[in-house]
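Reviewing the structure listed below.
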Amino acid sequence: MKLKLGIRSIGEAGKHAFNHNRQIIQLGKLGKVEEAIRIFFNMTHKNLVTYNSMISVLAKNARIRDARQLFDQMSLRNLVSWNTMIAGYLHNNMVEEASELFDVMPERDNFSWALMITCYTRKGKLEKARELLELVPDKLDTACWNAMIAGYAKKGQFNDAKKVFEQMPAKDLVSYNSMLAGYTQNGKMHLALQFFESMTERNVVSWNLMVAGYVKSGDLSSAWQLFEKIPNPNAVSWVTMLCGLAKYGKIAEARELFDRMPSKNVVSWNAMIATYVQDLQVDEAVKLFKKMPHKDSVSWTTIINGYIRVGKLDEARQVYNQMPCKDITAQTALMSGLIQNGRIDEADQMFSRIGAHDVVCWNSMIAGYSRSGRMDEALNLFRQMPIKNSVSWNTMISGYAQAGQMDRATEIFQAMREKNIVSWNSLIAGFLQNNLYLDALKSLVMMGKEGKKPDQSTFACTLSACANLAALQVGNQLHEYILKSGYMNDLFVGNALIAMYAKCGRVQSAEQVFRDIECVDLISWNSLISGYALNGYANKAFKAFEQMSSERVVPDEVTFIGMLSACSHAGLANQGLDIFKCMIEDFAIEPLAEHYSCLVDLLGRVGRLEEAFNTVRGMKVKANAGLWGSLLGACRVHKNLELGRFAAERLFELEPHNASNYITLSNMHAEAGRWEEVERVRMLMRGKRAGKQPGCSWIEVQNQIQHFLSHDPAKLRPKNIQIILNTLAAHMRDKCNTSDMKSAFDIL
DNA sequence: ATAGGGTTAG
């Protein structure tokens, strides 16, 4: 009797534990770790599964250290406990820790081997994964083989993937899909289609892969055709197609699809909300958010981010406050919102109050400090964070680079164990930002030696640095490199090349690149037009504008900045005015301060100062320093002291520490013989402690950068350069009215 | 009920 009762009570306790274990797992999936932990501690009858489940939940919710602690505390472990812990490390990208456990575990099964192989493939250590695959005792278990195929396929090593695929004794559908994923994820849709059609058996995952592949490669109509043929589309199929439409701006079509979905899950709702957020239609997003039956943390976070993206921080905070269970993602979202609005100290307070930071949260705070130039605080956090990922390291590298501390950036870079493309890009961009071309180029070469191929952003950032520095020689070398590495068809790279050549004064090369690009976009046109403008080719700019219109490319704000500045550089005031009018009336573009700035420059140069000033008075946007600077310059040339003084005073408000504004005004007074005024402005300048940044320019001659500082001692210059400068000065004196050009001679 | 391999949302 007693025994029976005992057994029954154990049975009931077991049932109890069973239910609690399930609860723990479910809460873990919802990200509610704290609640899961509470249940765990309140359980009187914990069994082995309870511990295993708790370890899994902790590991998957950024509490990997707690997970390990619990694992170590267990008096009895089974194989699942070991596998769960290894899976936890896999989830947190901690391969070394996983490998240590794998080495000491008492026995291994197929799960253990597959886990470890996946660990290595995720880190890109394919040789290591391959070694392990050879050692797997059970050759018929497909998971290990499949993990290996996926590893090769994701890296684009199709031949290796295919070899493993053909070698494996028993294939299942996942093996086929892993191969297929390799093709679709790497944009090889031709191969993908071939493989897909050769498959005798397909499931919805195979179809979904194809649709996603077409979406990714920009072939929306093929994606749609395939989507419509899917025998039993599931939620993933619908969401993939929806996001495909959203990606190409077809918001209304995406909504239509959403309304047609037979069964919507949370992900479907979240995808639609994210689509509206991405399109900055936050009100629409909120409407759906309020309607959706079950909100999860992604739904809440999307709305919070949506409000932040449109600058409504208060609304974001309200939503956050209403959120029932604030997980780390939501906390980080709001914290980033504070950072983006420059409220970094509030963000830091919030950071301190967060209990369990994950890597993303640490990284966001570090990025916040780093972007505001507070590198000491960034470093402090970086040192404190328990687990760093590549983003953490890269943030520090670009932070130091922006702060002009390339020695520190290099130190961080060298201390990094696994450098990725972004690390190299950050370092190279840093060198370029700090005018260290040679170091940048050396890094580019070193990067190649270490087996890392530069990507489009390597080229885009190096080219834009070359453009800003007019470093033509480096730009040319990059161009050759780009041609060799096959990135010429990338629009980012192509457009950066156009801009580089244009800014280096090589209009013909810019045109050549423009012609070589297979399918130009608006940015390509804008780069070309700005290039013409910059180099004084107004007629070419006009022609390009006509041609782009005939090809049905619709100009934007930037196009018109280019067009107006083309007119301005060529002294074509009336055409400029016409274009300005056309922009507003025919293209419904609201002029920005930059457009007005061009207009003022345009009118000011030809002496139409009254009109320039009336333009400024009539404008709706706030005038910027560039605009007042143009007006002041024009007033000096055309000797309008009264208006010049007005413009100068606005400039003193906007940039009180910029000495050149004070100097221009004081020179104007001097030229008019008003010596008391000269003294007054000089006093004002001293009062504001305005410092003069010496005028600086440089050109590249035979791979050497030659710097020129205004008023630098002539003896520091090479003799031949000084001779050229003197000759130039003589030419200028010959052509111009000396008193007007006085400032131009400052450099000589 | 807890651990592995292929597809979707922040």
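Everything quoted here is computed from the prediction, not taken from an experiment. Just so we're on the same page: letters track the sequence lines, and every chain starts at 1.
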Figure out the [atom1]/[atom2] separation between [X] and [N], and round it to whole Å.
{"X": "Y176(A)", "N": "dG6(B)", "atom1": "OH", "atom2": "P", "result": "18 Å"}
{"X": "L115(A)", "N": "dA3(B)", "atom1": "CG", "atom2": "P", "result": "10 Å"}
{"X": "M54(A)", "N": "dT2(B)", "atom1": "CE", "atom2": "P", "result": "15 Å"}
{"X": "M168(A)", "N": "dG4(B)", "atom1": "CE", "atom2": "C1'", "result": "13 Å"}

For [X], report the nucleic acid contact type (base, sugar-phosphate, nothing); a contact means any heavy atom under 4.0 Å.
{"X": "T302(A)", "value": "sugar-phosphate"}
{"X": "S237(A)", "value": "nothing"}
{"X": "N110(A)", "value": "base"}
{"X": "Q278(A)", "value": "nothing"}
{"X": "T142(A)", "value": "base"}
{"X": "K60(A)", "value": "sugar-phosphate"}

Can you give me the closest heavy-atom contact between I397(A) and S426(A), atom names plus distance?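 That closest heavy-atom pairing would be CG2-CB, 3.8 Å.
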Less than 3.5 Å between a donor and an acceptor, one on the side chain of S178(A) and one on the base of dG5(B), is that the case here?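 It does not, because no donor-acceptor pair links the side chain of S178(A) to the base of dG5(B) below 3.5 Å.
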Checking only heavy atoms, does the side chain of N83(A) share a donor-acceptor pair with the base of dG4(B) at less than 3.5 Å?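 Not at all, since no donor on one side and acceptor on the other fall under 3.5 Å apart.
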Between Q23(A) and dA1(B), does any side-chain N or O lie under 4.0 Å from OP1 or OP2? no
When you check the phosphate oxygens OP1 and OP2 of dG5(B), does a side-chain N or O of R122(A) lie under 4.0 Å from one of them?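 Checking R122(A) against dG5(B): at least one side-chain N or O falls below 4.0 Å of OP1 or OP2.
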So do the side chains of I37(A) and M54(A) get within less than 4.5 Å of each other, counting heavy atoms only? yes
Which nucleotide in dA9(B), dG5(B), dT7(B) has an atom nearest any side-chain atom of N270(A):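 Of all the options, the side chain of N270(A) is nearest to dA9(B).
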Does K295(A) count as lying over the ring of F289(A), i.e. NZ or CZ under 6.0 Å from the six-ring centre, within 45 degrees of the axis? yes
Test F165(A) against every option in Y183(A), Y176(A), W145(A) by the ring-ring contact (aromatic ring centres under 6.0 Å, His included) rule and name the one that passes.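 Exactly one option meets the ring-ring contact (aromatic ring centres under 6.0 Å, His included) with F165(A), and it is Y176(A).
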Pairing donors with acceptors under 3.5 angstrom, does anything connect the side chains of N394(A) and N425(A)?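 No, because no side-chain N or O of N394(A) sits under 3.5 Å from a partner of the opposite role on N425(A).
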